[in-house]
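Because the structure is a prediction, the values reported are computed rather than measured. As the structure lists them, so they are numbered: ligands from 1, and atoms in each ligand from 1.
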Amino acid sequence: MYLDSDSHKPSGGNETMSRATGWERLRQRLRAELGEDVFSSWFARMELERMNDHLAVVSVPTRFLKSWIETHYVDRLMGLVASELGASGGFVVEVRTVNRDQPRAAVVPVPPVQTATARPQPALAPQPTVLADHLGSPLDRRLSFASFVVGRSNALAFASAERIAALVGSPSPYNPLYLHAGVGLGKTHLVQAVAQEAIRLGKKVAYFTADKFMYGFVSALKAQTALTFKEQLRGIDLLVIDDAQFIQGRQVQLEFGHTINALIDAGKQVVVAADRLPSELESLDERVRSRLAGGLVVEIGTLDEELRLKILTARLNALGAVHPSFQISAEVATYVAHAIATNGRDLDGAANRLLAHSTLSGTALTVETAEIAIRDLVRLREPRRVRIEDIQKLVAARYNVSRADILSERRTAAVVKPRQIAMYLSKSLTLRSLPEIGRRFGGRDHTTVLHAVRKIEKALGDDRTLSDEVELLKRMLMD
Ligand code: ADP
Ligand code: MG
């Protein structure tokens with residue numbers, strides 16, 4: 001077995017070999033268990049990037065695939081990476097950039113899409129200053145309150161984060177603070193800002209990305225220093241956990257639960273960021289979820305165009321401070337903020353591409369040349385751009401009802417079923433949050449959406465016809 005050969009510490013070459021065969025076995029088992037169709041839809045382009053004894057890092061070409069795999073195949077993959085690769089701490093899915101293997105023409109490195117393990121450097125300043133006077137994962141000095149641009153969609157999150165940072169050390173009415181939002185909307189920026197402000201105020205801080213927390217705990221267990229790890233954690237004033245949706249594994253999630261309970265009960269501040277609501281953290285125990293839901297839960301909404309323009313302008317100014325010849329007209333900036341409708345991370349990427357193109361061409365960018373500069377960014381994002389409206393239209397047509405019926409209050413079976421399917425598809429195929437989906441379905445509550453999603457998920461397991469139908473709808477929407 002692979003696990004045995006690994007514990008004999010084979011030489012690098014053998015290890016690479018057994019990893020490769022382990023990976024091949026994993027793929028074959030997936031294919032056998034899921035069938036050729038499902039396998040080729042979701043896993044054909046998945047690659048093993050790197051791994052250690054605890055964690056396997058796999059990559060896929062699009063964020064959509066990443067989020068799909070994370071929502072639908074976590075358990076299956078966890079089992080397989082443990083049995084075939086010997087990675088006991090599970091796995092992390094990264095998105096690889098399109099041009100990864102080609103030499104880069106850019107003057108500035110184009111940042112890879114951010115993942116749980118590798119954080120690309122945002123373009124606030126040329127070099128990050130990493131802070132190390134705390135426990136856990138590194139902090140990036142540029143991610144401060146001062147550099148955070150406030151707009152309608154993040155004002156509440158910002159205000160809560162600032163307030164809590166100032167209160168660390170004294171009893172806080174907002175404990176835990178739970179921030180949730182889709183990818184690239186500023187969660188990491190805000191929670192790192194809280195951590196850094198607390199450090200500045202002389203507090204003891206632990207900042208962990210979920211994978212670091214899992215890794216830290218699992219390796220402490222192996223080295224039989226788990227107690228020290230826990231004691232260290234309990235001696236702090238503020239615990240920040242980023243990307244909590246990745247916390248998984250029975251023992252780790254139990255420990256996570258104990259840790260936050262102990263801290264909150266002792267009046268220490270806990271701040272958690274995740275890409276979904278506490279109730280949707282399926283890999284966590286129900287009690288942990290409700291503890292997380294019991295504090296202050298704040299969503300960061302999608303960035304409107306005005307806010308995007310402000311964030312982009314701040315980035316461009318930071319780049320301009322380092323590259324004085326780099327000038328972008330207001331017209332070009334406005335165009336880019338309009339075209340990159342996704343999130344702050346893509347705005348970072350766009351700013352870097354604008355810099356690369358203008359440096360390479362040696363001339364000022366026009367809207368036309370800017371469009372070329374950011375074209376691949378826009379295209380890269382397209383696979384996940386299924387629109388809720390299109391889902392509603394397609395599902396309505398398929399079930400012979402109108403879109404208005406789907407949005408209406410009517411509760412007849414003929415309308416309820418397509419409505420639930422459309423909600424399920426919206427959750428599966430877009431990165432919209434449950435509250436957002438609820439709003440788009442005639443102003444329903446997020447719990448209604450969650451109920452629909454769970455109901456359809458369950459039905460899919462029991463009802464072959466329904467699952468074929470839903471699979472077909474998915475394909476139609478994604479083509
Ligand atoms: P998340 O953790 O939610 O995926 P990040 O915090 O990593 O997102 O944000 C992605 C990028 O966008 C970062 O470079 C971050 O600094 C930037 N960003 C997001 N929102 C804002 C904002 N309101 N002001 C300034 N920068 C922002
Ligand atoms: Mg983040």
With a 4.0 Å heavy-atom cut-off (strictly under), which part of Leu185 contacts ligand 1: side chain, backbone, both or neither?
backbone
Should you measure from each heavy atom of Ile311, which atoms of ligand 1 turn up under 4.0 Å away?
20 (N), 21 (C), 22 (C), 23 (N), 24 (N), 26 (N)
Option among Arg45, Glu49, Arg50 that satisfies the side chain to side chain donor-acceptor pair (under 3.5 Å) test with Ser59:
Glu49
Whether Arg439 and Asp445 form a salt bridge (side-chain N of Lys/Arg under 4.0 Å from carboxylate O of Asp/Glu) is what I want to check.
no
Does a donor on one side chain and an acceptor on the other come within less than 3.5 Å for Asp243 and Gln245?
yes
Who passes side-chain contact (heavy atoms from CB on, under 4.5 Å) against Arg440, sequence neighbours left out?
Ile388, Arg432, Glu436
Nearest-option assignment for atom 13 (C) of ligand 1, heavy atoms, candidates Ile300, Asp346, Asp348
Asp348
Counting only heavy atoms, which portion of Leu143 has something under 4.0 Å from ligand 1: side chain, backbone, both, or neither?
side chain
Validation row, ring centre Phe158 to ring centre Phe145 under 6.0 Å:
yes
Does Arg315 have a heavy atom less than 4.0 Å from any atom of ligand 1?
yes
Ligand 1 contact on Asn154 by region, counting heavy-atom pairs under 4.0 Å:
side chain
Atoms of ligand 1, numbered as shown, that sit under 4.0 Å from any heavy atom of Val183:
4 (O)
Any idea which atoms of ligand 1 are less than 4.0 Å away from a heavy-atom of Thr188?
1 (P), 2 (O), 6 (O), 7 (O)
Any Ser147 heavy atom less than 4.0 Å from ligand 1:
yes
Per atom 8 (O) of ligand 1, closest listed option by heavy atom (Gly186, Ala273, Gly182, Ser153)
Gly186
Check ligand 1 against Gly344 and write out every atom of the ligand that is under 4.0 Å from a heavy-atom position of the residue.
11 (C), 12 (O)
Would Phe43 and Tyr73 count as a close aromatic pair, with their ring centres under 6.0 Å?
yes
Check whether any N or O atom of Leu307, backbone or side chain, sits under 3.5 Å from an N or O atom of ligand 1, and answer yes or no.
no
Test salt bridge (Lys or Arg N to Asp or Glu O under 4.0 Å) applied to Arg250 - qualifying residues, sequence neighbours left out:
none
Going by the angle between their ring planes, with limits at 30° and 60°, are Phe213 and Phe217 parallel, tilted or perpendicular?
parallel
